[in-house]
Student: 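This is the structure I have questions about; it appears just below.
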Amino acid sequence: MSSTDHNQEKNKEHYEKLYANYNISNILHWINNLEKFLNSATTTETSWFGLYQNNFREKIKGKKVLEMGCGDCTNAAVMAALGAEVYANDIASESGEIVRKLNENYTFKQPIVFVEGDFLENNLTSKSFDFVVGKAFLHHLTIPVEKLFLKETARLLKSNGEARFFEPAVNSKVLDEIRWHIPIGGRPSKFNKDAFKIWKENDPHPDRSFSSQHWEKAGTAFFGEVEIIPVGTLERFSRFFGWGERRNRYKRWALKSERFLPGFLNKPFTRSQLIVYKNPRV
Ligand SMILES: C[S@@+](CC[C@H](N)C(=O)[O-])C[C@H]1O[C@@H](n2cnc3c(N)ncnc32)[C@H](O)[C@@H]1O
């Protein structure tokens with residue numbers, strides 16, 4: 001088995017388990033209180049703030065949108081509840097089960113369509129989507145597989161369409177090394193060699209570049225226009241604020257303010273990024 005296949009197998013195994021028997025009640029609560037949910041998520045959560053920047057919420061209404069790596073399908077459900085015609089894919093077929101339950105329990109203007117199986121084998125029509133999006137998705141692919149997904153994105157987008165990918169950013173090697181040595185959540189410190197090795201074997205992220213420069217270069221192969229928007233340079237310090245409203249207040253301030261930082265600070269120190277590709281070249 002090649003390392004690329006191994007990475008896809010690892011992702012499938014990991015996420016099938018994570019989404020098995022998924023309880024959709026939270027998602028239903030959020031889409032039944034859509035404005036309230038989005039007002040909060042897009043001002044305090046980096047991935048929602050990032051993906052929904054520049055009026056995405058309004059832009060997708062009535063538009064045909066494809067989400068790659070839809071995961072637990074929260075974003076697919078939100079976009080469909082906003083009035084978009086949503087197609088969603090994930091390597092985990094359990095995501096399809098979540099889509100089925102969502103369609104059964106909520107009357108979307110148009111039910112979400114789950115594109116089952118290997119996305120690179122899809123039969124979707126060329127130039128048929130207004131938006132292609134991914135949230136924390138591309139960095140789960142090896143670089144050769146990512147190239148195929150970006151090529152497919154360019155094929156599927158209308159000529160005036162737009163792709164948006166919200167991804168982590170690692171633009172400073174020094175910061176990255178420090179990060180690996182600080183234990184966080186279930187991830188042990190690199191200092192703890194044995195535990196780190198075991199963690200790494202089960203981690204669904206391939207070893208690859210997460211740099212803005214990489215995604216800039218990868219995009220120019222298939223798109224005439226590439227924009228990288230840093231997200232999280234100041235927000236990353238929210239972890240020092242504990243939990244609750246104090247933390248959220250800081251996050252709201254940080255996400256609003258950090259866009260005014262000069263590029264020489266914002267780019268190397270950003271935690272995440274929104275990658276925008278337009279003008280597909282096919
Ligand atoms: C970090 S999760 C993000 C899920 C969701 N977008 C979110 O924001 O919560 C990454 C997702 O990418 C999916 N994935 C990984 N490799 C994939 C592939 N080759 N094709 C489709 N989906 C893939 C995983 O199954 C997982 O659901």
Side-chain angles (χ1 to χ4, degrees), residues 42 46-60 63-70 75 79 84 87 89 119-120 122 124 126-173 175-176 205-233 235-236 255 258-282:
T42 61
T46 45
S47 68
W48 290 90
F49 170 86
L51 192 65
Y52 279 73
Q53 281 183 89
N54 303 332
N55 215 17
F56 183 68
R57 188 165 160 173
E58 293 302 318
K59 282 182 183 164
I60 59 169
K63 299 288 191 214
K64 193 164 164 182
V65 184
L66 166 71
E67 179 163 11
M68 294 168 164
C70 60
N75 184 50
M79 295 191 299
Y87 285 65
N89 167 263
F119 186 73
L120 297 171
N122 75 75
L124 299 166
S126 299
K127 296 180 189 281
S128 59
F129 286 88
D130 298 289
F131 289 94
V132 173
V133 304
K135 192 149 84 61
F137 164 64
L138 288 179
H139 74 287
H140 280 258
L141 308 176
T142 58
I143 287 180
V145 173
E146 175 186 81
K147 194 170 178 187
L148 300 174
F149 270 86
L150 294 183
K151 189 175 175 196
E152 198 50 16
T153 302
R155 180 185 77 80
L156 291 169
L157 275 178
K158 292 179 182 171
S159 52
N160 62 349
E162 176 179 324
R164 290 186 167 213
F165 297 103
F166 180 80
E167 298 296 332
V170 176
N171 290 338
S172 153
K173 282 213 163 83
L175 261 190
D176 195 38
H205 299 95
D207 280 326
R208 50 157 293 167
S209 172
F210 293 178
S211 76
S212 302
Q213 208 179 15
H214 159 74
W215 273 304
E216 203 169 322
K217 197 162 161 234
T220 49
F222 304 109
F223 299 89
E225 221 180 296
V226 176
E227 189 186 4
I228 309 281
I229 306 172
V231 178
T233 307
E235 187 278 345
R236 71 191 316 156
L255 290 170
E258 61 189 27
R259 68 181 82 180
F260 301 112
L261 289 172
F264 75 88
L265 278 178
N266 212 3
K267 202 173 165 195
F269 296 113
T270 191
R271 183 176 155 211
S272 319
Q273 55 196 320
L274 178 71
I275 301 152
V276 182
Y277 296 143
K278 290 184 196 166
N279 200 355
R281 292 193 246 263
V282 186

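All values derive from a computational prediction rather than experimental measurement.
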Student: Could you check if a side-chain atom of F129 sits within less than 4.5 angstrom of a side-chain atom of K63, using non-hydrogen atoms only?
Tutor: no
Student: Checking R281 side chain against F222 main chain: does a donor-acceptor pair fall under 3.5 Å?
Tutor: no
Student: Using 30° and 60° as the class boundaries, would you call the ring planes of H205 and H140 parallel, tilted or perpendicular?
Tutor: tilted
Student: For the CD atom of E152 and the OG atom of S126, what is their distance to the nearest 0.5 Å?
Tutor: 7.5 Å
Student: I need the minimum non-hydrogen distance between V231 and G50, along with the two atoms involved.
Tutor: CG2-CA, 4.2 Å
Student: Would you find a donor on one side and an acceptor on the other, under 3.5 Å apart, between the side chain of T270 and the backbone of K267?
Tutor: no
Student: Does any N or O in the side chain of R236 come within less than 3.5 Å of the main-chain N or O of F269, such that one atom is a donor and the other an acceptor?
Tutor: yes
Student: Rounded to the nearest 0.5 Å, how far does CE of M79 lie from CZ of F131?
Tutor: 10.0 Å
Student: Run the side chain to side chain contact (heavy atoms under 4.5 Å, CB included) test on L150 and F165 for me, step by step, so that the C-alpha distance in whole Å, both residues' side-chain angles and the decisive distance to 0.1 Å come before the verdict.
Tutor: CA-CA 11 Å; L150 294 183; F165 297 103; 4.0 Å; yes
Student: F119 vs L124, test: side chain to side chain contact (heavy atoms under 4.5 Å, CB included). Steps then yes/no.
Tutor: CA-CA 10 Å; F119 186 73; L124 299 166; 4.0 Å; yes
Student: Taking all atoms of both residues into account, what is the closest heavy-atom pair of H214 and S209, and its distance?
Tutor: CB-OG, 3.4 Å
Student: Please work out whether the ring planes of Y277 and F223 are parallel, tilted or perpendicular, with thresholds of 30° and 60°.
Tutor: parallel
Student: Between atom OG1 of T233 and atom CG of L265, what is the distance when rounded to the nearest 0.5 Å?
Tutor: 8.5 Å
Student: Between E258 (side chain only) and G232 (backbone N and O only), is there a donor and an acceptor less than 3.5 Å apart?
Tutor: yes
Student: Decide yes or no for V132 and F149: does some side-chain heavy atom of the first lie under 4.5 Å from some side-chain heavy atom of the second?
Tutor: no
Student: Is there a side chain to side chain contact (heavy atoms under 4.5 Å, CB included) between E162 and V276 once you walk through the steps?
Tutor: CA-CA 7 Å; E162 176 179 324; V276 182; 3.7 Å; yes
Student: Please find the pair of heavy atoms, one from F49 and one from L255, that lie closest to each other, and give the distance.
Tutor: CZ-O, 3.4 Å
Student: Determine the sole option in L156, N122, V133 for which the side chain to side chain contact (heavy atoms under 4.5 Å, CB included) test with L66 is passed.
Tutor: L156
Student: Run the side chain to side chain contact (heavy atoms under 4.5 Å, CB included) test on N54 and R164 for me, step by step, so that the C-alpha distance in whole Å, both residues' side-chain angles and the decisive distance to 0.1 Å come before the verdict.
Tutor: CA-CA 11 Å; N54 303 332; R164 290 186 167 213; 4.0 Å; yes
Student: With no hydrogens and no angle check, is any side-chain donor or acceptor of E225 less than 3.5 Å from a backbone partner on N279?
Tutor: no
Student: Quick check: does any side chain N or O of E146 sit under 3.5 Å from a backbone N or O of H139, one acting as donor and the other as acceptor?
Tutor: no
Student: Could you pull out the closest heavy-atom pair between G134 and L51, with the gap in Å?
Tutor: O-CD1, 4.3 Å
Student: Among K64, K158, K59, which residue satisfies the side-chain hydrogen bond (donor to acceptor under 3.5 Å, both in side chains) criterion with D130?
Tutor: K158
Student: To the closest 0.5 Å, what do you measure between OH (Y52) and CD (E58)?
Tutor: 11.5 Å
Student: Identify the heavy atoms of G263 and P268 that sit nearest to each other, and give their distance.
Tutor: O-CD, 3.7 Å
Student: Looking at every non-hydrogen atom in both residues, tell me the closest pair between T153 and A163 and how far apart they are.
Tutor: CG2-CB, 3.7 Å
Student: Output the distance between atom OG1 (T46) and atom CZ (F166), rounded to the nearest 0.5 Å.
Tutor: 4.0 Å
Student: How are the rings of W215 and F210 set to each other: parallel, tilted or perpendicular (split at 30° and 60°)?
Tutor: parallel
Student: Quick one: CG on L138 to CE on M68, what's the gap to the nearest 0.5 Å?
Tutor: 8.0 Å
